[in-house]
4 protein chains.
Amino acid sequence: MSSRKKDIIDTSIALFNQEGCLSTSTRHIADNMGISVGNLYYYFKNKEDILVQILQEYTHSLFESLHAFDFANNRQFLFKEFLLQIQILDAKYKFLHTEMHSIIVTFPQFKLSMRSIMNDEVNLMRKLIVHQIEHGYMVELEKNEIEHLIANARILKLSSAGYWNIIEDRPQVNSQMASLSLFYFLHPYLTQKAYDDESWHQLEANLLKEVADVKM
Amino acid sequence: MSSRKKDIIDTSIALFNQEGCLSTSTRHIADNMGISVGNLYYYFKNKEDILVQILQEYTHSLFESLHAFDFANNRQFLFKEFLLQIQILDAKYKFLHTEMHSIIVTFPQFKLSMRSIMNDEVNLMRKLIVHQIEHGYMVELEKNEIEHLIANARILKLSSAGYWNIIEDRPQVNSQMASLSLFYFLHPYLTQKAYDDESWHQLEANLLKEVADVKM
Amino acid sequence: MSSRKKDIIDTSIALFNQEGCLSTSTRHIADNMGISVGNLYYYFKNKEDILVQILQEYTHSLFESLHAFDFANNRQFLFKEFLLQIQILDAKYKFLHTEMHSIIVTFPQFKLSMRSIMNDEVNLMRKLIVHQIEHGYMVELEKNEIEHLIANARILKLSSAGYWNIIEDRPQVNSQMASLSLFYFLHPYLTQKAYDDESWHQLEANLLKEVADVKM
Amino acid sequence: MSSRKKDIIDTSIALFNQEGCLSTSTRHIADNMGISVGNLYYYFKNKEDILVQILQEYTHSLFESLHAFDFANNRQFLFKEFLLQIQILDAKYKFLHTEMHSIIVTFPQFKLSMRSIMNDEVNLMRKLIVHQIEHGYMVELEKNEIEHLIANARILKLSSAGYWNIIEDRPQVNSQMASLSLFYFLHPYLTQKAYDDESWHQLEANLLKEVADVKM
DNA sequence: AATGAATGAGTTTTCATTCAT
DNA sequence: AATGAATGAAAACTCATTCAT
């Protein structure tokens, strides 16, 4: 990908997160980069095209970072790493989640892309959960329960930040609050073996400390 | 409220749910009702005004139905009722949740109304949870845990339907799936006394049956 | 005239002066009076009709107050009285002068009414000037000079207030400044006999005192 | 400035003068030029922007032509030149004066620009008057009298044309009548030395002749 | 590759006026 | 006399997209 094209994507992501995807005009993006609108349309055939390619980038990053887990040869407690990886991505592509429904209505093509990506994510999460159950880090769950656990986990990871931002305007705290919410959500599904793993306690301690620091 | 005004609100809700709030123009609403745009603006001073009044209606319905619980004189297991009530409302005002972030960026006044309503909702949910713990239907929880439980419950009740709609296009099932998700989410926090309450099993049975029926 | 009709005219004048004639909608007038728009249109066939009737009222007041002068049997210095009378009227119907051109373009019928009234005014002023020259209060002037003196006097009396309002936002002072401007404008045309008349000095003294009072 | 932008300004001035600034819509301007409204908004961010830039152009022209006077090294009778320069400009930007008050109510930003320009103009006129008194072309005047002379001169130069246009529909004559009004207004303030200057008589003769020519 | 002028269809909003009651 | 709901035409403004250069 040409660096100009990459720049457009990065600027778009930044502006979409700040001011909303639907409220950000193509002219606004171009102005922000100091290039012409025409040039933007040289690289992308329309605004939806930018969105679709952002989505592709998101997917790519997601699976790149998660494939590293190598479930087959790994017997470890993987949740901490998993949560961390995901949190970074979701923060970067925030608007994809918070504005998803508005975007879908406006750009019909986008829905299909989104759906296929979400199915991949679900499969990956299922694999992780099954793996963690097998190795005794999570409690036994029925098939049904697993599916809804995945659904809930996915929703929470996407929407928590948005929720806390409406409750109160504290960007720094809210990001941590969102992580803590997810953390507490998983609690009941973990076994004693998971609690004994030091990485889990580390994560909790860090999150609580950060929230406390900012609140002071 | 005049019936014309009520009609405008109802039509707006329907169109906002179907085609998105931001994609639905005031002209679209008026055309759909067979009235002139000018007439619409006779009842509402602008589009945001429609939204704010929808929000008020939503709040009113929410608290009307929930105040019936009468926590002080009630020792019963209330979750089933609570979930049912909420589910109906959230289905009707779906767009308020799925498009919330896009709406907030476009209509700044709306954010303030939304925030105040959410705080009221949070307080009510806290009251319910504390009540259910006191009467032995929920497990003991620390203050921190309660706050995040509320956050997670609220997010899930708002976003579940949206999630399932992206996974698959089955409007009828998805509404039930969303309820099931919330149902499973609450599982770990309930005591044996709650499970023993027949209303809980009824709810689960109904939901599973409905999903199964449609899926066939 | 019915009192309701009179009320509409009075309210319109007040609002037109405060917020501009073109910026004041018929609904705004009706709301301000607590009556319905329909009722307003019962008394006036359209907005222009209100304007034309305001103009008639203005003319009526103007000639009512000026006919009292009785030029034929009066040998006195009349300028002071004349200026005072006119100043009161022009303050009340301010918008008629400051917005005249915009109104004329928007309401073509209005221009004709305005023209005929202005001709009447010009005739009256000519009569006054000729009278004052005859009785030695004003210097001798050629026909041409009289016509332009009238023109200038009329323009200044109409536009002075507007000028001072743009220079600085001091409503109370500006009204006096406008009168002073007119006062100084007339200076060179007055004879010693006029200066000797005490009413003239009184007027100057009053105006200067009022300006000084407010400025402190 | 791009020629398209200049065209928009020129067309706007022409239409504003002919049909009134408030009665001329942006679409009307665009149609008149054979361009799209969107294109107009490419050059100006809104209608007020057009107005403000017209005002800037007016100011620029005004001071460009008046700075040529070079008061410091000039001992001449400057009124004739001054009046001529100003007359040309005021004719071109007529609507700025005749519709000023309506415009100010509608475009609040415009008032501030207008005020600052008027203050500059007043300063320039004060300089001119003081200069002419010093060199014996005008009679001695007190500070107060000078300020009101400026006010009156400014008002008359702006509003005379409007006045005569209401009295009678003779565009060509009216422009001259307006100049004559101003001419006669200044009469009493000029010294014999000024009258002896041939340029003054020339001006009067020309104006009278032009009026007479057209009237025949 | 890049520009930036231009378009057209759309949006929200305003308002004088009408009219059934 | 009076209401107030309803209209239609117009206003200002936006924006994704195109295209000659």
Side-chain angles (χ1 to χ4, degrees), chain A residues 2-5 8 22-31 33-50 106-107, chain B residues 2-5 7-8 22-30 33-50 106-107, chain C residues 2-5 8 22-31 33-50 106-107, chain D residues 2-5 7-8 22-30 33-50 106-107:
Chain A
S2 82
S3 85
R4 170 61 50 95
K5 192 167 181 179
I8 294 173
L22 273 67
S23 306
T24 302
S25 65
T26 49
R27 201 181 183 185
H28 190 35
I29 300 168
D31 283 355
M33 295 178 65
I35 66 167
S36 68
V37 208
N39 195 204
L40 196 151
Y41 275 84
Y42 175 79
Y43 289 99
F44 297 90
K45 74 174 198 284
N46 51 35
K47 197 178 173 185
E48 187 164 21
D49 193 21
I50 301 180
T106 316
F107 304 104
Chain B
S2 83
S3 83
R4 172 58 52 94
K5 192 169 182 180
D7 274 2
I8 295 173
L22 273 67
S23 306
T24 302
S25 66
T26 49
R27 164 149 306 169
H28 193 35
I29 299 167
M33 296 178 65
I35 65 169
S36 67
V37 208
N39 196 203
L40 195 152
Y41 277 86
Y42 176 77
Y43 291 98
F44 298 90
K45 71 174 199 288
N46 52 37
K47 197 179 174 184
E48 188 164 20
D49 192 22
I50 303 180
T106 315
F107 304 105
Chain C
S2 81
S3 83
R4 171 60 51 93
K5 193 168 182 181
I8 295 173
L22 274 67
S23 306
T24 302
S25 65
T26 49
R27 201 181 183 184
H28 191 33
I29 299 169
D31 284 356
M33 295 178 64
I35 66 167
S36 68
V37 209
N39 196 205
L40 197 150
Y41 275 84
Y42 175 78
Y43 290 99
F44 298 90
K45 71 174 202 284
N46 52 35
K47 197 180 174 182
E48 186 165 20
D49 193 20
I50 302 180
T106 316
F107 305 105
Chain D
S2 83
S3 83
R4 173 56 53 94
K5 191 169 182 180
D7 275 2
I8 295 173
L22 273 67
S23 305
T24 303
S25 66
T26 50
R27 164 147 306 166
H28 193 35
I29 300 168
M33 296 179 64
I35 66 168
S36 66
V37 207
N39 195 203
L40 195 152
Y41 278 87
Y42 176 77
Y43 290 98
F44 298 89
K45 72 174 198 288
N46 51 35
K47 198 181 173 183
E48 188 164 19
D49 192 21
I50 302 180
T106 316
F107 304 105

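Chain A is the first sequence line, chain B the second, and so forth, proteins listed ahead of strands; every chain is numbered from 1.
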Take atom [atom1] of [X] and atom [atom2] of [N], then tell me their distance rounded to the nearest Å.
X       : N      : atom1 : atom2 : answer
D:Tyr41 : E:dG4  : OH    : P     : 23 Å
B:Lys47 : E:dG10 : NZ    : C1'   : 12 Å
D:Lys45 : F:dT14 : NZ    : C1'   : 15 Å
B:His28 : E:dT12 : NE2   : P     : 11 Å
C:Asn46 : E:dC19 : CG    : P     : 14 Å
C:Arg27 : F:dT3  : CZ    : C1'   : 13 Å
B:Leu40 : E:dT12 : CG    : P     : 10 Å
A:Ile29 : F:dC15 : CD1   : P     : 12 Å

When you measure from the side chain of [X], which nucleotide among [options] comes out closest?
X       : options               : answer
C:Arg4  : F:dA16, E:dA6, F:dA2  : F:dA2
C:Ile35 : F:dA16, E:dA16, F:dT3 : F:dT3
A:Val37 : E:dG10, F:dT7, F:dT17 : F:dT17

Open item on the list: For a side chain to side chain contact (heavy atoms under 4.5 Å, CB included) check, start with the C-alpha distance between D:Thr106 and D:Leu22, then their side-chain angles and the critical distance, and finish with the verdict.
Closed with: CA-CA 9 Å; D:Thr106 316; D:Leu22 273 67; 3.6 Å; yes
Task: Watson-Crick or G-U wobble partner of E:dT14, both distances under 3.5 Å - done: F:dA9
Task: F:dA20 - base-pair partner by Watson-Crick or wobble geometry, distances under 3.5 Å - done: E:dT3
- [ ] Looking at every strand, decide which applies to D:Asn39 at a 4.0 Å heavy-atom threshold: base, sugar-phosphate, or nothing.
- [x] base
- [ ] Pick base, sugar-phosphate or nothing for B:Ser36, based on heavy-atom distances below 4.0 Å to the nucleic acid.
- [x] base
Open item on the list: Minimum heavy-atom separation for D:Thr24 and D:Lys47, please, with both atom names.
Closed with: O-NZ, 2.9 Å
Open item on the list: If I compare all heavy atoms of A:Ile35 with all of A:Arg4, which pair ends up nearest, and what's the gap?
Closed with: CG2-NH1, 3.3 Å
Task: Distance in Å, D:Phe107 CZ paired with D:Asp49 CG, rounded so as to fall on 0.5 Å steps - done: 11.0 Å
- [ ] Please test C:Ile8 against C:Asn39 for side chain to side chain contact (heavy atoms under 4.5 Å, CB included), starting from the C-alpha separation and ending with a verdict.
- [x] CA-CA 10 Å; C:Ile8 295 173; C:Asn39 196 205; 6.0 Å; no
Open item on the list: Using heavy-atom distances to pick each residue's nearest nucleotide on DNA chain F, tell me which of D:Glu48 and A:Leu22 is more 5'.
Closed with: D:Glu48
Task: N/O (side chain, D:Tyr42) to phosphate O (OP1/OP2, E:dT7) under 4.0 Å - done: no
Open item on the list: On the nucleotide E:dA16, are OP1 or OP2 found under 4.0 Å from the side-chain N or O atoms that C:Thr26 carries?
Closed with: yes
TODO: Hey, which sits more toward the 5' end of DNA chain E by its nearest nucleotide, D:Gly34 or A:Tyr43?
DONE: A:Tyr43
